[in-house]
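Everything numeric here is computed off the predicted structure, so don't read it as measured data.
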Amino acid sequence: MKINIIGGGPAGLYFAILMKKADPAHQITVYERNGPDDTFGWGVVFSGKTLANLRAADTESHAEITRAFAAWDNVDVVHRDEKISIHGNSFSGISRLQLLKILQRRCEQLGVELQFRTEVPDVDSLRPSCDLLVAADGVNSTARKQYSNHFIPSLDVRPNRYIWYGTNKLFHGLTLTFRENEAGVFAAHSYKFNKTTSTFIIESDPKTWDTAGFSVLSDDETRGYLEKVFAKDLDGQPLLSNNSKWINFLLVKNQNWFFENVVMIGDALHTAHFSIGSGTKLALEDAIALFECFGRTASVAAALTEFEAARKPVIEEYQAAAYESMRWFENARQYLNLSPVELAHSLMMRSGRVSHEDLKRRDPEFIARYEADHESPAGTAGAQPA
Ligand SMILES: Cc1cc2nc3c(=O)[nH]c(=O)nc-3n(C[C@H](O)[C@H](O)[C@H](O)COP(=O)(O)OP(=O)(O)OC[C@H]3O[C@@H](n4cnc5c(N)ncnc54)[C@H](O)[C@@H]3O)c2cc1C
């Protein structure tokens with residue numbers, strides 16, 4: 001089979017690896033507009049379950065990924081200068097650049113053709129010459145735009161803004177920090193992803209963002225402002241920018257996932273708010289799901305039909321949980337009247353996927369503290385916002 005893939009991000013590279021490994025006779029080309037080292041972003045997060053999926057799909061790249069990663073089992077919530085740790089959550093982080101280098105090397109080893117610095121402005125130019133065209137071209141997908149009549153996307157620009165930084169302050173565990181100043185409320189999502197660096201994403205609601213005057217601040221002034229907001233958390237370490245800019249989260253869904261021989265995977269197809277796990281996990285798991293469909297049939301039409309039928313309910317469930325989590329952060333201001341332990345409890349249950357009982361099993365000490373702190377612990381509703 002001849003396969004063209006647009007986008008050398010995690011989704012495109014991983015799908016190329018799995019298909020080429022299964023049948024070296026496939027001719028697979030990945031077209032990537034950037035060079036092999038020009039990437040954005042800092043660390044990406046995987047749950048224990050995602051790592052098990054990666055091990056089952058390709059032991060070689062899994063071994064390299066796990067050699068390079070940082071693992072933890074705690075979520076830390078910082079509110080009113082107090083840190084509450086909740087244990088029993090297995091996660092790990094790896095640098096996005098390192099992950100891409102591992103996947104690029106694996107592609108080269110298997111004989112996938114990687115064409116870097118090659119922009120694909122017109123998807124139709126690649127489509128007729130291949131059996132399958134995979135659009136793994138990210139959140140601003142050219143293919144999604146070009147075939148929007150067929151895919152029927154829904155694009156929801158969310159009100160909160162966020163900015164991705166790195167820092168050399170090491171956060172051992174997924175740390176959610178809330179800080180208030182005269183402008184309003186800021187939330188930081190941070191975690192260590194190698195021996196020297198942590199991801200540090202800052203989120204702000206529109207009222208806070210406007211009051212702080214970010215629209216007229218330069219990149220350096222913005223960074224300086226946010227270093228002051230999180231001064232107690234950063235221990236004097238600067239925020240590291242990788243051309244970091246404020247962005248609004250874009251919630252992407254598509255009614256149809258394929259059109260003739262073109263299929264989308266990863267961020268091109270769907271996004272889920274970063275507070276529930278990384279888009280990288282979904283991108284890699286899409287690649288596995290699509291590959292598995294080709295394992296069951298050689299017909300492109302049948303494989304794409306099965307991919308959409310099998311994977312769509314999984315993604316819809318994930319996006320529904322991510323939506324609740326995103327809404328929690330959009331309304332974070334209303335929760336800050338809660339005590340640190342109540343806030344931590346509400347945060348842990350925000351997506352609706354973790355119950356009070358689940359938390360009790362994972363970290364009985366935390367729940368005992370919550371129940372002692374909170375007069376009416378019963379059940380799953382959690383503490384209520386103002
Ligand atoms: C600014 C920013 C920072 C981020 N940082 C992090 C982070 O630190 N951690 C994390 O977990 N997630 C991060 N994310 C989210 C994460 O990048 C995605 O969820 C994940 O990478 C999705 O994988 P993908 O392969 O679907 O898409 P991507 O990783 O976006 O890959 C798509 C690739 O396609 C290429 N491409 C697009 N259009 C074309 C074209 N027409 N021709 C040729 N090539 C093309 C792009 O250059 C890109 O390399 C970040 C997102 C943004 C926007």
Side-chain angles (χ1 to χ4, degrees), residues 1-7 9-23 26 28 30 46-59 61-62 103 127 130-139 141 143-144 147-148 150-155 251-273 276-325 351-353:
M1 189 153 64
K2 180 155 171 36
I3 305 172
N4 286 331
I5 300 175
I6 309 177
L13 293 174
Y14 206 58
F15 181 68
I17 290 168
L18 299 181
M19 291 299 282
K20 188 73 179 169
K21 193 173 86 152
D23 186 349
H26 289 322
I28 307 180
V30 177
F46 296 133
S47 66
K49 195 163 162 237
T50 301
L51 284 173
N53 293 339
L54 297 184
R55 185 175 52 235
D58 183 48
T59 44
S61 52
H62 170 267
L103 299 181
R127 196 155 80 86
C130 62
D131 302 295
L132 173 68
L133 193 145
V134 179
D137 50 351
V139 69
S141 170
R144 195 181 64 227
Y147 300 118
S148 63
H150 300 282
F151 293 138
I152 316 186
S154 102
L155 306 175
L251 179 56
V252 176
K253 296 180 180 180
N254 282 275
Q255 196 166 312
N256 301 311
W257 285 21
F258 67 95
F259 161 61
E260 295 183 353
N261 64 340
V262 184
V263 64
M264 292 186 292
I265 57 174
D267 270 14
L269 180 60
H270 49 66
T271 55
H273 194 249
I276 200 174
S278 75
T280 310
K281 157 213 156 68
L282 290 182
L284 295 171
E285 290 176 351
D286 276 358
I288 296 172
L290 181 59
F291 160 73
E292 285 175 348
C293 294
F294 279 99
R296 287 191 278 275
T297 172
S299 149
V300 170
L304 300 190
T305 305
E306 192 193 326
F307 172 63
E308 180 174 325
R311 182 80 177 143
K312 209 176 196 180
V314 178
I315 292 294
E316 281 173 352
E317 196 185 323
Y318 201 88
Q319 284 188 312
Y323 189 84
E324 295 306 320
S325 178
S351 71
R353 294 198 308 176

Supply the atom-to-atom distance [X] [atom1] to [Y] [atom2], rounded to the nearest 0.5 angstrom.
| X | Y | atom1 | atom2 | result |
| --- | --- | --- | --- | --- |
| His270 | Ile265 | NE2 | CD1 | 8.5 Å |
| Glu316 | Tyr323 | CD | OH | 14.5 Å |
| Leu290 | Glu306 | CG | CD | 10.0 Å |
| Ile28 | Leu13 | CD1 | CG | 11.5 Å |
| Leu251 | His273 | CG | NE2 | 10.0 Å |
| Asp23 | Leu18 | CG | CG | 13.0 Å |

Check: [Y] and [X] side chains under 4.5 Å, non-hydrogen atoms:
| X | Y | result |
| --- | --- | --- |
| Tyr147 | Asn256 | no |
| Arg311 | Glu285 | yes |
| Phe15 | Leu132 | yes |
| Leu54 | Ile288 | yes |
| Asp58 | Tyr14 | yes |
| Leu103 | Val30 | no |
| Leu304 | Trp257 | no |
| Met1 | Phe294 | yes |

Flag if over 12 foreign heavy atoms under 6.0 Å of NZ, Lys49: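 Check fails, neighbour count at 12 or below.
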message: For the CD atom on Glu317, are there more than 12 heavy atoms of other groups (residues, nucleotides or ligands in this structure) within a distance under 6.0 Å?
response: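 No.
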Would a distance-only check, ignoring hydrogens and angles, find a side-chain to backbone donor-acceptor pair under 3.5 Å from [X] to [Y]?
| X | Y | result |
| --- | --- | --- |
| Asn254 | Leu269 | yes |
| Asp131 | Val300 | no |
| Thr271 | Val252 | yes |
| Lys312 | Gln255 | yes |
| Arg144 | Ala268 | yes |
| Arg353 | Ala322 | no |
| Thr305 | Ala301 | yes |
| Asp286 | Gly266 | yes |
| Tyr318 | Ile276 | yes |
| His26 | Lys20 | no |

Nearest non-hydrogen partners of [X] and [Y], listed with the distance:
| X | Y | answer |
| --- | --- | --- |
| Ala11 | Ala287 | O-CB, 3.7 Å |
| Ala16 | Ile5 | CB-CD1, 3.8 Å |
| Pro153 | Ser148 | CD-O, 3.5 Å |

query: Relative to each other, are the rings of His150 and Phe259 parallel, tilted or perpendicular (30° and 60° limits)?
result: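 The rings of His150 and Phe259 lie parallel, inter-plane angle below 30°.
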message: If only side-chain N and O atoms count, and only distance matters, is there a donor-acceptor pair under 3.5 Å linking Ser141 with Asp137?
response: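 Yes, Ser141 and Asp137 have a side-chain donor paired with an acceptor closer than 3.5 Å.
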- prompt: Between Ile17 and Phe291, is a side chain to side chain contact (heavy atoms under 4.5 Å, CB included) present by the stated rule, with each step listed?
  reply: CA-CA 10 Å; Ile17 290 168; Phe291 160 73; over 6 Å; no
